[in-house]
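Here the structure is laid out as structure tokens; the discussion comes afterwards.
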Amino acid sequence: MMNLFITTACIASALSLVLILVSFWLPLMTPNHEKLSPYECGFDPTSSARLPFSLRFFLVAILFLLFDLEIALLLPLPWADQLPNPLLTFFWTCTILILLTLGLAYEWAQGGLEWAE
């Protein structure tokens with residue numbers, strides 16, 4: 001048992017050491033102007049940092065978070081058939097999906113998903 005532990009620890013240590021050495025050796029060590037310039041969320045980095053952001057950017061980000069959270073709500077569904085009342089779980093799942101679909105249709109109709117005007 002101890003021999004297996006020592007072998008596993010040696011392999012993990014050797015692999016970690018190899019990966020650390022490769023990470024220092026592999027990257028290109030000649031930074032250019034593009035790598036040294038700051039990234040400004042799509043704005044030209046040579047202009048002023050005081051330019052206002054488009055509210056459409058924030059709206060799309062919030063919509064992404066909202067529709068991405070549905071995965072967290074729907075993730076336990078494969079285990080829901082083992083509950084005492086799986087029809088109730090199916091009802092709430094359909095309710096969540098209908099609400100999200102109606103919200104998506106509303107945002108689409110209002111033009112909230114249009115990036116360019």
Side-chain angles (χ1 to χ4, degrees):
M1 184 69 179
M2 192 62 166
N3 194 13
L4 178 64
F5 177 74
I6 292 173
T7 304
T8 306
C10 287
I11 290 173
S13 299
L15 184 61
S16 299
L17 185 64
V18 166
L19 289 175
I20 289 171
L21 291 174
V22 166
S23 71
F24 282 114
W25 172 70
L26 193 60
L28 188 60
M29 295 296 181
T30 56
N32 57 12
H33 177 69
E34 288 295 322
K35 284 186 180 179
L36 294 176
S37 67
Y39 180 69
E40 296 278 342
C41 296
F43 289 114
D44 187 14
T46 58
S47 65
S48 172
R50 303 284 183 216
L51 291 175
F53 280 102
S54 171
L55 287 179
R56 193 167 301 275
F57 174 77
F58 292 111
L59 179 64
V60 170
I62 289 173
L63 285 174
F64 172 75
L65 288 175
L66 175 71
F67 289 110
D68 192 44
L69 285 177
E70 78 178 70
I71 295 171
L73 293 173
L74 300 176
L75 203 60
L77 282 181
W79 294 277
D81 62 348
Q82 299 173 5
L83 292 174
N85 193 357
L87 287 178
L88 182 65
T89 305
F90 179 72
F91 168 75
W92 286 115
T93 302
C94 288
T95 304
I96 290 171
L97 288 175
I98 288 170
L99 283 172
L100 285 171
T101 305
L102 289 175
L104 179 63
Y106 176 77
E107 285 297 326
W108 197 334
Q110 294 294 320
L113 299 177
E114 300 295 327
W115 186 256
E117 295 185 21

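Bear in mind that the values here come from a model prediction, so they are computed numbers and not experimental data. What's counted below: heavy atoms across the whole structure, side chains too, no hydrogens, waters or symmetry copies.
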Just wondering, do Phe90 and Pro86 contact through their side chains at under 4.5 Å, heavy atoms?
no
Heavy-atom check, side chain of Ile11 versus side chain of Thr7, under 4.5 Å:
yes
For Ile62, the other hydrophobic cluster members (4.5 Å side-chain criterion, sorted by chain and number) are none
Within this structure, what is the CG-CH2 distance for the pair Leu77 and Trp79, rounded to the nearest 0.5 Å?
9.5 Å
Nearest atoms (heavy-atom pairs only) where Thr93 meets Thr89
OG1-O, 2.7 Å
Should side-chain heavy atoms under 4.5 Å link Ile, Leu, Val, Met, Phe, Trp and Tyr, which residues sit in the same cluster as Leu19?
Leu15
Within a 6.0 Å radius of atom CG on Asn85, are there more than 12 heavy atoms belonging to other residues, nucleotides or ligands?
yes
dist Leu66:CG -> Leu100:CG (nearest 0.5 Å) comes out at 6.0 Å
Is any side-chain heavy atom of Leu97 less than 4.5 Å from a side-chain heavy atom of Leu74?
yes
Sub-3.5 Å donor-acceptor pair from the side chain of Ser23 to the main-chain atoms of Ile20, do we have one?
yes
So SG of Cys94 and CG of Leu99: to nearest 0.5 Å the spacing works out to 11.0 Å
Using side-chain contact (heavy atoms from CB on, under 4.5 Å) as the criterion, list what pairs up with Leu69, not counting sequence neighbours.
none
